[in-house]
Number of protein chains: 4
Amino acid sequence: MFNEVKSLNEECGVFGVWGAENANYLTYLGLHSLQHRGQEGAGIVTNDHGKLNSYRNLGLLTQVFYKPSLLNSLTGNAGVGHVRYSTAGGNRIENVQPPLFDFTDDQFALAHNGNLTNADTLKKDLEQKGDIFKSSSDSEVLLHLIRHSKQAIQIDKIKESLQQIKGGFAYLMLTKDSLILALDSHGFRPLSIGQLPNGGYVVASETCALDAVEAKFIRDVNPGELTIINDQGIHVDTWTDDTTMAICSMEYIYFARPDSNILGVNVHTARKQMGKILAREQPTDADIVVGVPNSSLSAASGYAEGSGLPYEMGLIKNQYMGREFIQPSQELREKAVRQKLAAVKGVVDGKKVVLVDDSIVRGTTCAFIVKLLKDAGAIEVHLRIASPPFKYPSFYGIDIQDRKELIAAHKSKEEMRQQFGADSLEFLSETGLIDAIGLKYDFPYNGLDLSYFNGDYPTPLYDYEKNLSQDF
Amino acid sequence: MFNEVKSLNEECGVFGVWGAENANYLTYLGLHSLQHRGQEGAGIVTNDHGKLNSYRNLGLLTQVFYKPSLLNSLTGNAGVGHVRYSTAGGNRIENVQPPLFDFTDDQFALAHNGNLTNADTLKKDLEQKGDIFKSSSDSEVLLHLIRHSKQAIQIDKIKESLQQIKGGFAYLMLTKDSLILALDSHGFRPLSIGQLPNGGYVVASETCALDAVEAKFIRDVNPGELTIINDQGIHVDTWTDDTTMAICSMEYIYFARPDSNILGVNVHTARKQMGKILAREQPTDADIVVGVPNSSLSAASGYAEGSGLPYEMGLIKNQYMGREFIQPSQELREKAVRQKLAAVKGVVDGKKVVLVDDSIVRGTTCAFIVKLLKDAGAIEVHLRIASPPFKYPSFYGIDIQDRKELIAAHKSKEEMRQQFGADSLEFLSETGLIDAIGLKYDFPYNGLDLSYFNGDYPTPLYDYEKNLSQDF
Amino acid sequence: MFNEVKSLNEECGVFGVWGAENANYLTYLGLHSLQHRGQEGAGIVTNDHGKLNSYRNLGLLTQVFYKPSLLNSLTGNAGVGHVRYSTAGGNRIENVQPPLFDFTDDQFALAHNGNLTNADTLKKDLEQKGDIFKSSSDSEVLLHLIRHSKQAIQIDKIKESLQQIKGGFAYLMLTKDSLILALDSHGFRPLSIGQLPNGGYVVASETCALDAVEAKFIRDVNPGELTIINDQGIHVDTWTDDTTMAICSMEYIYFARPDSNILGVNVHTARKQMGKILAREQPTDADIVVGVPNSSLSAASGYAEGSGLPYEMGLIKNQYMGREFIQPSQELREKAVRQKLAAVKGVVDGKKVVLVDDSIVRGTTCAFIVKLLKDAGAIEVHLRIASPPFKYPSFYGIDIQDRKELIAAHKSKEEMRQQFGADSLEFLSETGLIDAIGLKYDFPYNGLDLSYFNGDYPTPLYDYEKNLSQDF
Amino acid sequence: MFNEVKSLNEECGVFGVWGAENANYLTYLGLHSLQHRGQEGAGIVTNDHGKLNSYRNLGLLTQVFYKPSLLNSLTGNAGVGHVRYSTAGGNRIENVQPPLFDFTDDQFALAHNGNLTNADTLKKDLEQKGDIFKSSSDSEVLLHLIRHSKQAIQIDKIKESLQQIKGGFAYLMLTKDSLILALDSHGFRPLSIGQLPNGGYVVASETCALDAVEAKFIRDVNPGELTIINDQGIHVDTWTDDTTMAICSMEYIYFARPDSNILGVNVHTARKQMGKILAREQPTDADIVVGVPNSSLSAASGYAEGSGLPYEMGLIKNQYMGREFIQPSQELREKAVRQKLAAVKGVVDGKKVVLVDDSIVRGTTCAFIVKLLKDAGAIEVHLRIASPPFKYPSFYGIDIQDRKELIAAHKSKEEMRQQFGADSLEFLSETGLIDAIGLKYDFPYNGLDLSYFNGDYPTPLYDYEKNLSQDF
């Protein structure tokens with residue numbers, strides 16, 4: 001939720017609904033509560049008695065739907081929506097989801113959160129057959145596989161296709177008569193199902209979106225699950241039984257909204273626990289604990305509770321900061337950066353500060369924040385990171401695919417401390433992280449994907465093997 | 001150019017450039033002068049040393065490129081652009097052109113003016129093979145055919161593909177190393193080539209776009225032509241030799257800008273000539289001649305010159321009218337319509353008026369304009385149409401595909417006169433139209449497609465046969 | 001109406017209504033048809049049972065009222081509105097009219113078209129008494145005088161105040177119970193009264209605005225008139241009897257919309273007559289007559305009729321040109337200017353052209369247009385101006401207050417011809433202009449203010465004497 | 001900072017600078033950090049070698065200055081700026097500050113934070129003399145008094161004028177040669193002076209704006225102070241010696257940014273202390289402490305620290321909520337409200353919650369928030385308010401001028417508790433508040449204005465006496 005500063009980005013949020021008047025508005029509300037998962041583009045497709053209508057564009061949800069008529073034109077009782085973070089080439093409108101495909105005799109819409117690890121290989125194969133892709137994203141590969149499948153009925157086509165793709169994915173598919181959801185075999189991306197007061201179903205990347213439409217949480221979607229929701233109700237199936245839970249640990253650490261629960265664990269509570277365990281693992285002789293707003297506040301309050309030190313608001317984020325802020329000349333640029341975040345002099349002046357951050361990715365803002373605090377009078381700044389060093393790229397749905405960008409991949413802890421100007425620097429341990437989240441699955445890490453920290457990827461990496469092996 | 005009132009729409013304008021710095025800005029200028037051909041969406045793709053970049057969105061060109069950075073990001077020495085009129089479902093962003101296709105090892109962009117008559121059949125065939133279309137428009141069919149072609153080299157793939165499509169088309173294709181242009185075998189849509197002062201080439205739907213970038217007109221593209229422009233120069237080829245000229249007569253009558261030349265004939269001059277011949281064919285006992293602004297002013301001045309009656313500004317168009325005009329309650333709606341067009345009381349009061357309009361399509365505004373003039377004091381209004389009765393739909397690139405919408409298809413001249421409240425109503429004859437334009441080709445109508453007026457379609461209609469045969 | 005090119009600007013248009021539901025929307029419609037008189041700011045004040053409400057802002061009317069709620073909030077049965085051209089310092093919001101003044105026990109709104117010649121002197125006097133002006137425009141001086149008046153009743157206060165101000169003015173005043181209109185003693189600015197079908201009254205700068213709301217023209221306001229409209233009806237009074245008609249001749253020549261009538265003379269007809277007489281006075285050996293769109297088309301058609309030469313569309317204006325057009329680098333700027341106006345090659349190539357323009361003020365675009373035509377192949381361009389040389393600044397409501405800007409004030413006809421690159425240059429004579437308009441008043445020039453051409457100002461110039469006498 | 005929910009509003013923030021290049025951009029940065037003090041309008045006036053330039057409009061600062069050219073046009077080395085909250089009639093552009101007054105021989109700009117208590121009386125007197133006010137706000141009264149002053153020199157005129165006005169005010173005045181600041185005799189509104197690295201001076205409503213431009217805090221402005229900053233330096237004077245410190249206690253409780261210091265007391269620290277003392281005064285048998293984001297988070301963390309209960313993030317504010325959020329039909333409206341604020345189920349479910357809010361004004365959102373928590377599973381909600389009951393309106397610069405709107409003015413504590421659905425409701429005591437802030441002045445309340453809570457107004461109320469005495 002602090003992406004302007006950290007610049008680590010989820011690739012998207014998805015929301016679906018079946019069986020509700022105002023499907024357009026419910027999807028709008030659901031996406032609005034998922035906006036932190038993607039701010040570059042948004043779109044909605046609705047199903048009005050078998051006819052699919054869509055609208056999408058670049059920008060925040062409220063910018064895309066800047067006038068009510070755009071939303072009102074999306075009539076119907078079912079819908080899927082998507083908010084998107086876009087990587088390089090981000091102003092390509094064709095990459096905004098959900099795409100709506102018009103066949104001469106059918107329609108199909110698709111919303112995808114995640115990243116496929118064998119998309120390039122599949123694309124090349126499909127292009128050999130004459131297929132043409134409409135976007136540079138890999139999301140539509142699934143549809144191409146479905147259309148080429150020789151299976152007789154659609155659900156078997158989908159199963160066969162899912163079995164060919166690798167990586168992390170949570171798919172919502174809207175057809176003329178169903179809302180279909182599918183999750184990868186490791187459950188890398190979160191996906192939850194809820195029920196509306198009227199009996200209709202909703203599906204969303206995070207439970208905060210269920211709350212936003214006042215739906216009751218039913219359950220999290222399981223790895224390998226393929227579920228169909230239509231007017232006959234909800235039909236749970238699987239596309240594979242070879243599953244192992246390995247949910248993205250960064251969802252708990254950084255991405256998800258604090259009010260969401262993932263696999264039954266509240267995100268705020270997990271973060272607070274990370275801070276508490278970090279305080280036990282890495283105690284500090286200091287006066288106050290300060291968190292980097294907004295994503296690290298939970299961990300910081302946990303550190304304070306764990307250490308017995310007072311939790312203080314030593315940094316404040318300007319809530320009016322936006323893209324329309326005028327960028328001045330180069331010499332005034334640092335002043336503009338200071339508009340995003342301010343140190344609270346009256347709090348930190350003359351103090352030894354424990355500065356809690358949730359994670360360090362590129363490390364570009366750490367030095368800036370330490371300097372902010374010291375300029376404001378802090379006599380010592382002890383940086384405590386509520387997760388282990390982030391050393392390995394991600395290929396399941398986060399836009400860090402290059403080790404070169406990861407500071408912890410090529411600098412020692414002492415080198416980082418010096419670069420940041422901090423008086424000390426310590427990280428949460430892997431076991432501390434596992435304990436803080438407290439999942440109970442069996443896999444080596446209790447159901448977590450910790451590959452960011454230890455390089456132990458739950459799956460082969462296919463097209464991305466080269467990214468890992470390269471020197472830097 | 002008066003589409004708000006007549007609601008007859010060209011489906012687009014295309015522009016391409018090869019070998020010029022500022023290809024982005026030249027394309028912007030060219031498209032701006034073609035804006036009258038489509039106001040619903042605009043886009044540009046440029047080629048920067050083999051890397052294609054694109055931006056497109058819904059709206060007028062200046063709305064799409066609402067900040068310079070969007071245009072500046074399109075670097076390179078070549079480009080293609082498109083302005084689009086969109087029919088029903090018009091807010092579908094995926095239909096805005098030119099689409100840029102990213103293959104794993106190639107890129108390809110396509111700008112299309114026209115309409116294919118066998119697109120549905122081809123689409124169904126291709127979908128059988130697993131192909132997926134990214135838009136509801138038929139423009140991308142060509143690319144699918146190209147990708148499926150078994151020919152060895154690209155130009156042969158394109159030829160083979162062009163041989164499979166039917167209807168009206170002017171294509172601009174931008175690849176990593178070439179700008180390729182292709183015209184249908186009847187030359188339904190206009191397309192001209194020009195040369196920049198620096199030697200680079202430009203291609204455009206109308207010559208006014210060549211003027212806009214100060215390019216020198218070289219020649220019109222011929223039916224059946226397939227031409228490649230790249231760093232080696234311009235290479236003219238054909239994809240068929242079975243060609244007959246049958247250019248859309250409505251380009252001369254209504255669509256094209258008066259300053260454009262089509263096949264060597266200036267549009268204003270042709271329109272003036274239509275008015276002159278109409279005056280000879282259908283003289284009127286009246287005091288003044290008035291044209292409907294802006295598209296009928298040339299014909300009206302011709303009628304005046306031909307008849308010896310004074311040409312007067314009896315109607316005036318409000319140049320500040322736009323979509324953002326607030327639509328009032330139903331009871332005030334007629335007042336809003338009157339904002340678009342006003343009668344000049346001081347001119348028409350007490351006068352017998354010859355009202356010249358270029359054409360009658362749906363007929364919805366004729367009654368309104370006649371009433372405007374009579375409310376302003378005109379004692380007689382004689383409606384003179386500078387083209388024959390528009391009775392047959394178009395399938396080569398104009399959005400009138402249903403006879404039911406065409407008033408002349410189901411009402412007699414006298415019925416129309418009564419409905420419009422005019423004192424008399426006469427049309428230009430077919431031979432008058434042919435003479436006015438003055439092309440010298442051999443085909444029954446000297447190189448013109450007059451199917452709108454006589455139903456004599458130059459080609460079989462394929463998927464559209466049913467549209468013609470239906471009762472109404 | 002061609003201000004982007006000529007850059008000669010009216011200072012505003014005013015509209016008022018009393019006794020009509022939807023006063024807000026009627027004022028909006030009226031102002032929309034007066035938009036050509038000012039594009040920099042717009043505003044409306046309405047009277048809802050004695051309570052005045054206002055909204056105004058910078059921009060075109062449709063930009064100011066960019067959402068219906070802004071207009072809808074202006075409830076009531078009466079209103080005044082204003083569109084404004086703003087001179088230097090134009091983005092000063094306080095200068096946008098109509099200002100609404102809130103007194104502790106009263107409200108008063110004021111819309112002003114014109115310019116006072118003794119405003120500075122009056123302001124200085126009033127400032128001596130402690131008065132503070134809210135804008136740099138001189139419009140509010142009248143209100144200050146009214147508030148200082150010792151007269152017992154308001155109408156006498158207004159009369160006394162009007163007697164102190166000099167120059168050109170058409171005022172609309174909206175109070176809690178009346179709409180009051182006042183015109184200067186020479187009738188410099190046009191102002192007309194109409195009646196709505198329901199009996200309510202409207203007042204507007206031009207009769208085109210009466211037409212826009214379907215009001216019936218009643219009469220033009222007379223010089224020295226002070227008229228009160230309220231629920232008791234219309235009460236005509238005068239604030240002076242020492243009046244002489246001297247209406248601004250530039251209204252006929254350039255400013256007013258062709259469909260407006262001023263003092264009973266239709267503007268288009270007057271312009272056409274100017275062209276006809278010019279043809280007689282200054283015949284030319286040429287092939288065609290071309291007018292500069294849009295303001296000179298009437299004169300050009302008159303010249304054609306008078307000379308027997310064909311009237312042709314040799315220049316075309318791009319109707320999609322707007323401020324949002326991206327301004328390119330300096331080297332491409334001329335290309336951008338060419339987007340505004342294009343020569344019609346097919347018409348002018350190889351021709352001797354009579355180019356008719358309504359007037360020459362700064363002369364900055366004449367050379368550009370002559371070059372456009374010659375680049376398009378015209379072999380001779382004979383410039384014919386349908387008004388006399390514009391040599392003297394205006395102080396009654398047009399923003400030319402400095403002789404230095406007027407090319408005819410410091411260059412001979414031959415010098416101008418050379419600068420423009422024309423083959424000949426001739427102007428309409430003063431008597432030709434008087435005859436063309438055809439007013440029947442007695443004053444030296446039959447009721448016209450011709451001071452722009454002959455320096456014979458109908459009044460003393462007060463604060464502006466210095467502008468005239470300065471060397472240049 | 002949570003005004004969408006509480007709807008209690010500061011009337012503005014002011015910022016001034018003298019002696020700095022980029023005065024425009026520094027003022028922009030300063031105002032941006034004061035945006036929480038007013039979101040309805042913004043403006044800047046700069047002084048470029050004695051010439052004053054201004055721009056202002058309705059909206060947020062970044063909306064007003066939506067393109068760099070608007071800011072860049074405000075050249076000069078000095079400036080004043082204003083952000084404004086506007087009460088009823090808020091879309092009146094004339095009320096946006098700072099107004100720039102153009103005299104025939106002078107210019108003067110004025111930015112005002114506060115509210116005068118005798119403005120109506122003064123206005124009526126001045127109107128008797130013929131004065132006209134340009135806005136419905138009372139800010140310009142001061143200038144009128146200055147212009148009427150018979151004193152010989154400007155600073156004496158200003159002193160004489162300040163002596164006539166009553167109430168709360170912090171004025172920044174920009175003249176051709178000086179930046180002048182004045183504070184009322186009780187220091188109701190905060191105002192601080194800082195110094196830029198280059199030696200220039202800045203003045204701002206809050207110290208966070210000094211930090212935003214990297215200015216060093218020098219000192220707070222004293223009650224009765226009248227200080228002139230110009231190229232000769234800073235000259236401190238007073239307009240009255242009859243002063244008593246009575247700073248607005250709501251600045252500490254609610255308005256100011258946590259990183260600001262007021263009279264040497266950090267706002268966050270004061271709020272935390274309020275929570276701590278409240279915990280001591282009103283202990284609760286509960287499981288967790290939750291604050292209403294964002295304004296009550298400091299107090300809540302203080303309550304947690306004081307009580308030993310864990311501080312939890314039980315409520316979360318959606319940071320993407322904005323005005324452009326589409327308002328749905330009435331039946332869906334509650335869903336839209338829930339988008340602003342969400343309860344964290346995973347945190348509050350099954351818990352006894354202490355809900356800390358900074359204050360209760362109208363009480364409209366309390367019931368909503370209690371319900372949110374209970375819907376999320378909280379078994380008890382104990383509402384603790386970190387300030388005393390707000391019973392009396394404010395007349396020194398906050399927009400609560402009517403006792404009827406204040407729930408604590410006409411309901412008992414038990415009535416409020418029932419209305420809110422809370423399990424208990426307690427307030428901080430007056431002495432607790434005084435101790436928490438910890439000022440050391442002598443006046444009954446150690447330098448604080450506590451009139452909101454006890455009706456003990458530090459001054460006579462003049463025109464507002466009637467507001468207090470009215471029955472309700």
Side-chain angles (χ1 to χ4, degrees), chain A residues 1 22 25-26 28-29 32-33 35-36 39 60-63 65-66 68 71 207-208 211-214 217 257-261 265-269 272 294 297-298 301 304-305 310-313 316 318-322 324-328 332 335-336 338-339 342-347 376, chain D residues 1 22 25-26 28-29 32-33 35-36 39 60-63 65-66 68 71 207-208 211-214 257-261 265-269 272 294 297-298 301 304-305 310-313 316 318-322 324-329 332 335-336 338-339 342-347 376:
Chain A
M1 296 175 81
N22 301 308
Y25 198 69
L26 292 176
Y28 179 79
L29 292 175
H32 191 253
S33 71
Q35 184 79 79
H36 60 286
Q39 297 93 41
L60 291 171
L61 182 74
T62 51
Q63 292 169 330
F65 292 94
Y66 68 95
L71 190 57
T207 63
C208 67
D211 298 341
V213 298
E214 296 180 87
F217 171 79
R257 238 172 70 160
D259 54 334
S260 290
N261 294 343
V265 173
N266 171 251
V267 169
H268 159 73
T269 306
K272 191 166 176 187
N294 288 336
L297 298 182
S298 300
S301 75
E305 219 174 288
Y311 168 66
E312 299 290 349
M313 190 183 288
I316 187 168
N318 188 329
Q319 64 176 323
Y320 296 102
M321 198 75 201
E324 60 284 4
F325 191 83
I326 294 177
Q327 289 299 332
L332 291 171
K335 283 194 178 60
R338 278 173 181 261
Q339 292 291 306
V344 185
K345 270 189 193 162
V347 165
Chain D
M1 297 175 81
N22 302 307
Y25 198 69
L26 292 176
Y28 178 80
L29 292 175
H32 191 253
S33 70
Q35 185 78 80
H36 61 286
Q39 297 92 42
L60 291 171
L61 181 74
T62 51
Q63 293 169 331
F65 292 95
Y66 68 95
L71 190 58
T207 62
C208 67
D211 297 342
V213 297
E214 296 181 87
R257 236 171 72 159
D259 54 333
S260 289
N261 294 342
V265 173
N266 171 252
V267 169
H268 159 72
T269 305
K272 192 166 175 187
N294 290 334
L297 297 182
S298 300
S301 75
E305 219 174 287
Y311 168 67
E312 298 290 349
M313 189 184 288
I316 187 168
N318 189 329
Q319 64 176 323
Y320 297 101
M321 199 74 202
E324 62 283 5
F325 191 82
I326 294 177
Q327 287 300 331
S329 62
L332 290 170
K335 281 194 180 60
R338 277 173 181 262
Q339 292 291 306
V344 185
K345 270 188 192 165
V347 164

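The shown structure was predicted, so the numbers you read here are calculated from the model rather than taken from an experiment. Here is the naming used below: chain letters follow the sequence lines, and residue numbers restart at 1 for every chain. All values below come from the heavy atoms of this structure, side chains included, with hydrogens, waters and symmetry mates left out.
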**Message:** Return the CG to NE2 distance between D:N318 and A:H36, rounded to the nearest 0.5 Å.
**Reply:** 9.0 Å
**Message:** Would you compute the distance between atom CZ of D:R257 and atom CD of A:Q319 and round it to the nearest 0.5 angstrom?
**Reply:** 9.0 Å
**Message:** D:H32: which residues meet the ring pair (Phe, Tyr, Trp, His ring centres under 6.0 Å) condition with it, sequence neighbours left out?
**Reply:** A:F325
Looking at [X] and [Y], what are the two nearest heavy atoms and their distance?
X	Y	answer
D:H268	A:M313	NE2-N, 3.2 Å
A:D259	D:A343	CB-O, 4.0 Å
A:P258	D:I316	CD-CD1, 3.2 Å
A:Q339	D:A212	NE2-CB, 3.3 Å
A:G346	D:N266	CA-CB, 3.7 Å

**Prompt:** Using non-hydrogen atoms only, which part of A:Q63 is less than 4.5 Å away from chain D: side chain, backbone, both, or neither?
**Reply:**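 Interface part for A:Q63: neither.
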**Asked** Does any heavy atom of chain D fall under 4.5 Å from the side chain of A:Q35, the backbone, both, or neither of them?
**Response** both
**Request:** Using the side chain to side chain donor-acceptor pair (under 3.5 Å) rule, pick out the option among A:D211, A:N261, A:T207 that qualifies with D:K345.
**Result:**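 Option passing the side chain to side chain donor-acceptor pair (under 3.5 Å) with D:K345: A:D211.
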**Message:** Between A:P310 and D:K272, is there a side-chain heavy-atom distance shorter than 4.5 Å?
**Reply:**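 Yes, close enough: below the 4.5 Å cut-off.
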**Message:** Could you tell me if the side chain of D:Q39 sits less than 4.5 Å from the side chain of A:Y320, heavy atoms only?
**Reply:**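 The answer is yes; the side chains approach within 4.5 Å.
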**Message:** Counting heavy-atom pairs under 4.5 Å with chain D, which one of A:Y66, A:Y28, A:F65 comes out on top?
**Reply:** A:Y28
